[in-house]
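Reviewing the structure listed below.
The sequence lines fix the lettering, A, B, ..., with proteins before strands; numbering per chain opens at 1. Predicted, not measured: the structure shown is a model, and the values here were computed from it.
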Protein chains: 2
Amino acid sequence: MAEKINIQDIARLANVSTGTVSRALNNKPDVNPETRERILRIVEEQGYVPSSTAIGLVSGRSRLISVLVPALTWPLVSELMLKVAEIVEASSYEIVLYSISSSNHLRDCGKVIDRILATRMTAGLLAIFPGQSAQHLTQLQRHSFPVVLVDDQNPPIEGIPWIGADNRGGAYEATRYLIGLGHQRIACIQGPMKYKVSNDRYQGYKDALQEAGIPLDPALVLEGDFMPVGGNKCARTLLTLPKAERPTAIFAQSDLMAYGVMSAASEFGLSIPKDISLVGFDDNPSSAHMQPALTTIQQPFGAMGQQAIELLLQLIEQPRLYYQGPYENKRQILSEHAPRIQLPTSLMIRDTCRKLPKRVSHTSYRHKQAMSG
Amino acid sequence: MAEKINIQDIARLANVSTGTVSRALNNKPDVNPETRERILRIVEEQGYVPSSTAIGLVSGRSRLISVLVPALTWPLVSELMLKVAEIVEASSYEIVLYSISSSNHLRDCGKVIDRILATRMTAGLLAIFPGQSAQHLTQLQRHSFPVVLVDDQNPPIEGIPWIGADNRGGAYEATRYLIGLGHQRIACIQGPMKYKVSNDRYQGYKDALQEAGIPLDPALVLEGDFMPVGGNKCARTLLTLPKAERPTAIFAQSDLMAYGVMSAASEFGLSIPKDISLVGFDDNPSSAHMQPALTTIQQPFGAMGQQAIELLLQLIEQPRLYYQGPYENKRQILSEHAPRIQLPTSLMIRDTCRKLPKRVSHTSYRHKQAMSG
DNA sequence: CTGTTAGCGCATTCAG
DNA sequence: CTGAATGCGCTAACAG
């Protein structure tokens with residue numbers, strides 16, 4: 001059935017030339033409706049599918065899209081890819097996956113990008129959280145190879161469309177939520193400050209503090225590593241502080257670090273949220289199943305994936321023109337400037353935060369503890 | 001630099017024919033070493049990369065490999081894919097990703113497989129945990145299209161190479177570990193029994209019980225859904241049992257269900273591992289960060305991915321011949337039968353299991369509890 | 001050793 | 001409206 005059958009076979013079976021078959025298949029207007037129907041019927045019968053390789057060769061265009069992903073073990077990327085895959089499969093394109101794993105670092109990534117560019121096997125590139133490899137992307141841009149970047153580590157690159165989460169807004173919301181609960185001494189466990197994302201979240205944290213008129217205490221701002229161990233280490237430092245200086249709430253810039261905070265708390269015999277309130281960032285799938293379930297900021301990964309791939313597809317078909325606004329409504333003003341799209345996060349309220357009594361003083365805290373004990 | 005430059009340009013620049021250039025590029029023996037070097041130099045200078053599309057067309061072979069993945073949100077798949085991607089990138093092949101997400105169920109998956117087969121755009125298919133879609137795979141097999149299946153839900157399919165984890169052995173090890181700790185009343189929270197994996201793990205559980213001469217108590221064997229909610233529900237049933245009938249340990253057939261058990265325990269005011277010991281299965285990345293860290297059976301996803309993709313690559317290049325034994329050592333006897341490779345799991349001992357005192361009786365248990373309370 | 005030629009499967013002219 | 005011819009970039013077979 002699926003034995004190598006080509007356009008000539010169809011042409012023979014339909015008593016027409018290959019040209020006509022080709023026209024019929026590509027919905028060209030100038031073809032006899034009767035003939036077209038007959039051809040399509042035979043195509044259906046024979047289960048004929050045009051060779052995408054040949055089409056690629058003759059048309060010079062590819063139906064393949066490169067997607068560059070970081071270590072897939074990061075659960076967040078999965079969510080994003082899910083949406084990307086869904087949309088690509090609904091189109092006539094396919095995804096070619098390139099992963100920058102632990103072994104092939106910066107240098108190898110450059111090679112991958114060179115190959116993408118040189119072979120032109122794919123029609124465009126979606127780079128997802130490429131980390132340091134982002135710098136190689138300008139090279140593609142120079143050759144007017146369509147690229148869309150989903151990132152949070154690097155400052156935006158001139159000329160490259162960029163999709164990201166509103167990290168500053170998310171951090172602001174997290175901190176404001178804690179303030180609304182009555183917390184005044186709120187610690188911030190940061191990611192590595194060399195990353196843009198860490199700075200953005202720090203800004204959001206400061207925004208909320210400033211808005212509430214709470215002075216920023218540098219002793220409560222610690223730099224972690226986005227990983228559980230770093231979160232744990234920072235939390236230990238915070239919990240070692242004298243009671244009066246100790247934070248009543250912690251904003252961890254990643255869920256993984258929040259996990260570390262939770263383990264540190266239990267090591268100190270402290271209970272969350274009774275003794276310490278905690279908010280994370282990311283909303284990893286497992287965060288909802290922690291004990292207690294982690295209150296956190298959810299990143300809009302699905303939406304980011306969707307925006308990114310839709311933008312890329314549009315870029316491939318309409319080079320150098322960017323639609324502003326939602327993709328569905330294409331009658332938007334076109335722009336020649338690479339868009340920067342920032343998607344809103346959302347606060348997931350769960351069980352790691354506790355409302356503080358009106359007046360928070362050392363004595364009233366101990367009093368309450370004694371009553372419950 | 002990377003402007004469309006082809007083999008003719010190189011031929012012109014090197015003052016040779018395209019045939020010679022092609023020969024030089026493909027390391028054919030019959031080409032003047034001097035000429036070859038000159039050509040290679042020019043190729044390097046010009047940054048020429050042969051069009052894989054054209055090569056694909058003329059050679060009839062593809063350098064693309066289809067990889068069919070289930071909902072990527074499942075963290076386990078990421079680990080597997082990581083290894084697959086690493087190996088593919090080291091080869092001359094690329095990965096084309098197809099995902100069977102929530103939206104496109106069984107029917108759409110059939111379409112995907114039809115397309116893979118019809119276009120022959122890719123040279124082979126690696127199907128990872130395809131679930132119910134596995135049945136479509138026989139179609140590929142019939143057309144002698146190389147397929148390798150990584151699965152645990154379905155019984156093996158005749159003629160299709162199969163890679164899986166030793167689920168029975170893993171469950172046996174988990175249960176034996178609990179028995180070794182002195183537990184006698186060990187519950188088993190199963191996955192859906194329509195899946196092979198659930199039956200395999202149940203067998204392993206029974207094996208260990210039988211070996212230790214412990215009678216199987218049907219009241220302690222409950223069917224879950226592999227998800228946290230199911231684990232929680234089953235655990236509630238178990239914890240509602242009268243003290244004497246209540247299990248002292250629970251073997252959950254998935255980590256996610258183990259999370260559900262943990263939350264159920266805390267709802268019942270029970271502490272893990274003090275009151276109940278718990279072992280999971282899978283070793284999700286987050287399991288090590290649970291409070292307490294979950295003792296579980298680790299699935300060899302990396303190894304599974306590696307075996308699977310190496311087998312597929314070999315199948316593509318040596319159709320209908322399967323190497324038996326490790327890939328590295330290729331001088332193995334070849335077989336015409338599709339191999340079934342089962343990879344060993346490993347027990348990750350962490351903090352959710354407790355050694356029971358020598359004699360386990362209702363009274364001594366309460367005595368100990370009273371002493372610690 | 002090397003140049004020439006004939007396709008791979010298709011879309012796209014250019015004539016009818 | 002349609003058939004025939006050209007060529008996409010490359011490899012392979014065949015002559016030199």
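Regarding A/Asn15, its CG atom lies at a distance of 12 Å from the P atom of D/dT2, rounded to whole Å. Atom CD1 in B/Ile7 sits roughly 12 Å away from atom C1' in D/dA12 (whole-Å rounding). Atoms CZ (A/Arg63) and P (C/dG9) sit 21 Å apart, rounded to a whole Å. Rounded to whole angstrom, the span from the CD atom of A/Gln8 across to the C1' atom of D/dA5 amounts to 13 Å. Atom CZ of B/Arg36 is separated from atom P of C/dC1 by 9 Å (rounded to the nearest Å). Here the P atom of nucleotide C/dC14 and the NZ atom of A/Lys28 are 14 Å apart, to the nearest Å. The distance between atom CG of B/Leu57 and atom P of D/dC10, rounded to the nearest whole Å, is 12 Å. In this structure, B/Arg120 places its CZ atom 13 Å from P of C/dG9, rounding to the nearest Å.
Between A/Glu34 and A/Arg38, no side-chain nitrogen of the basic residue sits less than 4.0 Å from a carboxylate oxygen of the acidic one, so the salt-bridge criterion is not met. Using a cutoff of 4.0 Å between basic side-chain nitrogens and carboxylate oxygens, B/Glu86 and B/Lys83 are scored as salt-bridged.
Between atom OG1 of residue A/Thr20 and atom CG of residue A/Asn15 there is a gap of 11.0 Å, rounded to the nearest 0.5 Å. Interatomic distance, B/Arg23 CZ to B/Asn32 CG, rounded to the nearest 0.5 Å: 12.0 Å.
A donor-acceptor pair is defined here as one N or O able to donate and one able to accept, closer than 3.5 Å; no such pair exists between the side chain of B/Thr53 and the backbone of A/Gly56. For B/Asn6 (side chain) and B/Gln8 (main-chain N/O), a donor-acceptor pair under 3.5 Å exists by modelled atom type.
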Polar atoms only, N or O, under 3.5 Å: list the protein pairs with nucleotides 4-6 of chain C and their distances.
none

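Among the atoms of the strands shown, only primed sugar atoms or phosphate atoms (P, OP1, OP2) are found under 4.0 Å from some heavy atom of B/Val16. Nucleic acid contact for B/Thr35: sugar-phosphate only, since backbone atoms but no base atoms lie under 4.0 Å from a heavy atom of the residue.
With 3.5 Å as the limit, one finds a donor-acceptor pair spanning the side chains of A/Gln139 and A/Asp114. Under the 3.5 Å distance criterion, with hydrogens and angles disregarded, a donor-acceptor pair is assigned to the side chains of A/Ser92 and A/Arg63.
The bend of the helix from C/dC1-D/dG16 to C/dG16-D/dC1, defined by the angle between the axes of its first five and last five pairs, stands at 50° to the nearest 10°.
Contact check, B/Ser51 against D/dG9: no side-chain N or O comes under 4.0 Å of OP1 or OP2. Between A/Ser59 and C/dT12 there is no side-chain polar atom (N or O) within less than 4.0 angstrom of OP1 or OP2. Between D/dT11 and B/Asn26, a contact under 4.0 Å exists linking OP1 or OP2 to a side-chain N or O.
If you run side chain to side chain contact (heavy atoms under 4.5 Å, CB included) between B/Ile116 and each of B/Val96, B/Leu125, B/Val147, only B/Leu125 comes through.
In terms of position on DNA chain C, the residue among B/Asp30 and B/Val58 whose nearest nucleotide sits closer to the 5' end is B/Asp30.
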